[in-house]
Amino acid sequence: MYIVTAKEMYEMDRHTIQEIGLDERLLMENAGRAVSSKITGIISKQNQICIFVGSGNNGGDGFVIARTLHTQNYNVTVLQIVPDERITGEALYHKTLYLNCNGSVHVSSDATEVDKFVTSSDVIIDAMIGIGVHDELREPVYTIVSIINQKADFVISVDIPTGLPADEGITGFSAIHADWTFVIEAAKMSLFLEHTAPYYGKWEVVPIGISINTMDDVPKKYTWGEHHFRNTLPKRDPYAHKGTHGKGLAIGGSVEMPGSIAMTAKAALRAGAGLLTVGTAKNVISSIAQTCIEATYLMVDDHNEHGGKAAAIPFERFDCIVMGMGMGRDKEAERLVMHVLNEANCPVIVDADGLFHVKADPSILSKRSDPIIVTPHPGEMAMLLEVPIAELLEKPFHYSRAFAAIHQVYVVLKGKHTIITVPDGKQAVNQTGNQGLAKGGSGDVLSGIILAMVMQHKNIFQALCNACFVHGAAADLLIRDNHSYYDLLATDVIEGIPAVYRTFL
């Protein structure tokens with residue numbers, strides 16, 4: 001499923017109509033009928049339905065929906081909020097068809113009239129304004145939206161809730177709070193932004209026949225889901241051995257936070273890593289080894305009070321390195337991070353405290369010839385970019401893409417909608433996961449899964465997307481079967497990884 005800006009959506013429409021030759025009236029018919037088929041699955045014929053239509057294509061879709069429901073004997077009323085002269089072109093064509101089917105249209109934008117229609121209806125279908133909004137609504141639509149938000153029992157929006165921007169980076173708006181939104185053809189960026197996503201309510205993308213594959217400039221953002229995971233996860237050769245599935249090194253842990261690196265190690269092994277070495281402080285090894293007996297250990301800290309000299313890291317032995325989890329923020333940890341980035345000749349994943357140390361000299365990222373993956377949460381990403389967290393959350397696609405391009409790194413920006421970005425600008429949004437993951441240690445587990453996936457995939461982008469899928473899907477299956485959002489722990493997610501493989505492969 002593609003994720004598009006308003007401009008990209010307009011170009012997709014234009015290409016389909018002008019280059020391919022699909023008539024715009026037919027495209028509007030397809031949209032209205034596709035949405036109608038979804039609407040009938042969540043309402044009943046006993047409901048009183050009022051469809052609010054405006055001008056333009058969104059209003060035209062509303063007239064098709066009205067006709068489709070009306071001919072199926074649903075109780076439909078249409079309230080047209082713009083004067084008749086504003087209904088033109090294809091929208092007028094479909095309005096005429098609806099009227100020819102004995103449908104009726106009420107024309108009014110008066111607040112008192114709107115209030116009556118809203119309060120006397122069980123279901124409001126919002127087909128007033130589409131994806132062209134970039135600032136605050138004007139009157140009378142502002143008041144109409146306010147009345148619907150305050151008094152409607154159940155609201156379904158067509159393509160996008162009226163008043164909501166399609167793109168990121170826009171904060172000054174007033175919009176419908178929908179219970180359901182049926183998004184036409186492609187997901188809009190605002191579906192995945194913290195400050196706009198709640199306006200959609202539940203949502204589903206409905207295809208209407210717009211062609212994307214014949215375009216010269218295909219959108220570079222899309223969602224990553226179950227079918228991607230099934231199609232891209234490498235199959236295990238019956239004759240494989242432990243070295244076939246990667247030799248990984250996980251560096252981190254400290255006296256204060258030994259659990260972080262332990263969770264990363266266990267997650268990597270559970271996710272499929274063939275061999276794993278944990279590089280940590282000497283006085284931490286014994287406590288971690290009791291919980292993760294399958295790993296081997298390497299002392300990488302030579303400043304602990306118990307003495308002992310750290311071993312040199314044999315970088316040539318490893319296929320991938322992950323570092324930063326529970327490492328601490330002292331100068332010795334910083335030197336270790338810089339040493340790994342300067343000397344390792346394999347992909348390196350930088351998480352947690354490792355990101356803090358990278359902030360001291362971000363230029364080290366672009367100096368490496370081997371891949372670097374950074375896995376920040378919004379606070380860490382804002383730190384790296386030196387922007388407020390709120391600003392980052394308003395434009396996460398933009399900032400992730402900019403950071404990846406400037407430093408030539410892969411970025412996994414963690415969150416409700418984790419965004420994976422590659423240096424050339426391609427982006428994917430992971431669709432698995434839930435609020436049960438909002439616990440300490442969840443990021444450490446994800447880092448371990450990423451380590452395992454990078455060692456098994458030839459394509460790093462696919463590896464990162466599949467790691468995020470497994471992490472979120474494990475949490476989803478655990479919540480479905482025997483946990484709640486409240487009690488789910490990061491260690492539970494590790495034990496949930498096998499269920500993902502059994503369920504989806």
Any donor-acceptor pair under 3.5 Å linking the side chain of [X] with the backbone of [Y]?
X      : Y      : answer
Arg317 : Lys247 : no
Thr432 : Phe469 : yes
Gln290 : Ser287 : no
Ser442 : Ala438 : no
Asp179 : Val155 : yes
Asp126 : Pro161 : no
Lys38  : Thr181 : no
Thr162 : Ile129 : yes
Glu194 : Leu393 : no
His457 : Ile460 : no

query = Passes side chain to side chain contact (heavy atoms under 4.5 Å, CB included), Met323 versus Leu341? Steps please.
reply = CA-CA 10 Å; Met323 66 176 175; Leu341 290 175; 3.8 Å; yes

Determine whether more than 12 heavy atoms belonging to other residues, nucleotides or ligands lie under 6.0 Å from atom [atom1] of [X].
X      : atom1 : value
Lys426 : NZ    : yes
Asn342 : CG    : yes
Lys235 : NZ    : yes
Lys359 : NZ    : yes
Leu505 : CG    : yes

Is [Y] close to [X] at the side-chain level, that is, under 4.5 Å between some pair of heavy atoms?
X      : Y      : answer
Ile450 : Leu464 : yes
Val470 : Phe229 : yes
Thr280 : Ile288 : yes
His407 : Val374 : no
Asn47  : Ser44  : yes
Arg236 : His245 : yes
Val300 : Ile313 : yes
Leu233 : Phe504 : no

To the nearest 0.5 Å, tell me how far [X] [atom1] sits from [Y] [atom2].
X      : Y      : atom1 : atom2 : answer
Ile389 : Met381 : CD1   : CE    : 12.5 Å
Met338 : Glu343 : CE    : CD    : 13.0 Å
Thr421 : Lys220 : OG1   : NZ    : 10.5 Å
Tyr297 : Ile285 : OH    : CD1   : 8.5 Å
Thr503 : Glu226 : OG1   : CD    : 9.0 Å
Gln427 : Cys465 : CD    : SG    : 10.5 Å

Restricting to non-hydrogen atoms, name the atom on [X] and the atom on [Y] that form the minimum distance, rounded to 0.1 Å.
X      : Y      : result
Ala127 : Val158 : CB-CG2, 4.2 Å
Ala31  : Ile208 : CA-CG2, 3.5 Å
Ala344 : Val348 : CB-CG2, 3.9 Å
Ile176 : Met128 : CD1-CE, 4.2 Å
Met455 : Cys320 : CG-CB, 3.5 Å
Ile170 : Pro165 : CD1-CB, 3.6 Å

Does the side chain of [X] come under 3.5 Å of the side chain of [Y] through a donor N or O and an acceptor N or O?
X      : Y      : result
Asp351 : Thr375 : yes
Asn466 : Thr232 : yes
Tyr200 : Ser190 : yes
Asp476 : Asn434 : yes

query = Should Phe192 and Ile419 be marked as a side chain to side chain contact (heavy atoms under 4.5 Å, CB included) after you check the CA-CA gap, both sets of side-chain angles, and the distance that decides it?
reply = CA-CA 9 Å; Phe192 308 104; Ile419 302 172; 5.9 Å; no

key: Results of side-chain hydrogen bond (donor to acceptor under 3.5 Å, both in side chains) for Thr418 - residues two or more places apart only   = none

message = Set out, in order, the CA-CA distance, both residues' side-chain angles and the distance that settles side chain to side chain contact (heavy atoms under 4.5 Å, CB included) for Lys221 and Thr5, then state yes or no.
response = CA-CA 10 Å; Lys221 302 177 293 297; Thr5 63; 4.3 Å; yes

remark   = The residue among Val500, Asn430, Ile497, Leu437 that forms side-chain contact (heavy atoms from CB on, under 4.5 Å) with His471 is Leu437

query = Relative to each other, are the rings of Phe461 and Trp224 parallel, tilted or perpendicular (30° and 60° limits)?
reply = perpendicular

ask   = Quick one: salt bridge (charged side-chain N to carboxylate O under 4.0 Å, His left out) pairs with a partner in residues 146-173, sequence neighbours left out?
value = Asp115-Lys151, Asp159-Lys188

key: Pairs touching residues 338-363 that satisfy ring-ring contact (aromatic ring centres under 6.0 Å, His included), sequence neighbours left out   = Phe315-His339

inquiry  = Checking Lys266 against Glu294 for the salt bridge (charged side-chain N to carboxylate O under 4.0 Å, His left out) test, could you report, in this order, the C-alpha distance in whole Å, the side-chain angles of both residues, the deciding distance, and whether it holds?
reply    = CA-CA 9 Å; Lys266 292 180 73 173; Glu294 295 88 354; over 6 Å; no

request  = Would you check, one step at a time, whether the test side chain to side chain contact (heavy atoms under 4.5 Å, CB included) holds for Phe182 with Ile42?
outcome  = CA-CA 12 Å; Phe182 292 107; Ile42 58 175; 3.9 Å; yes

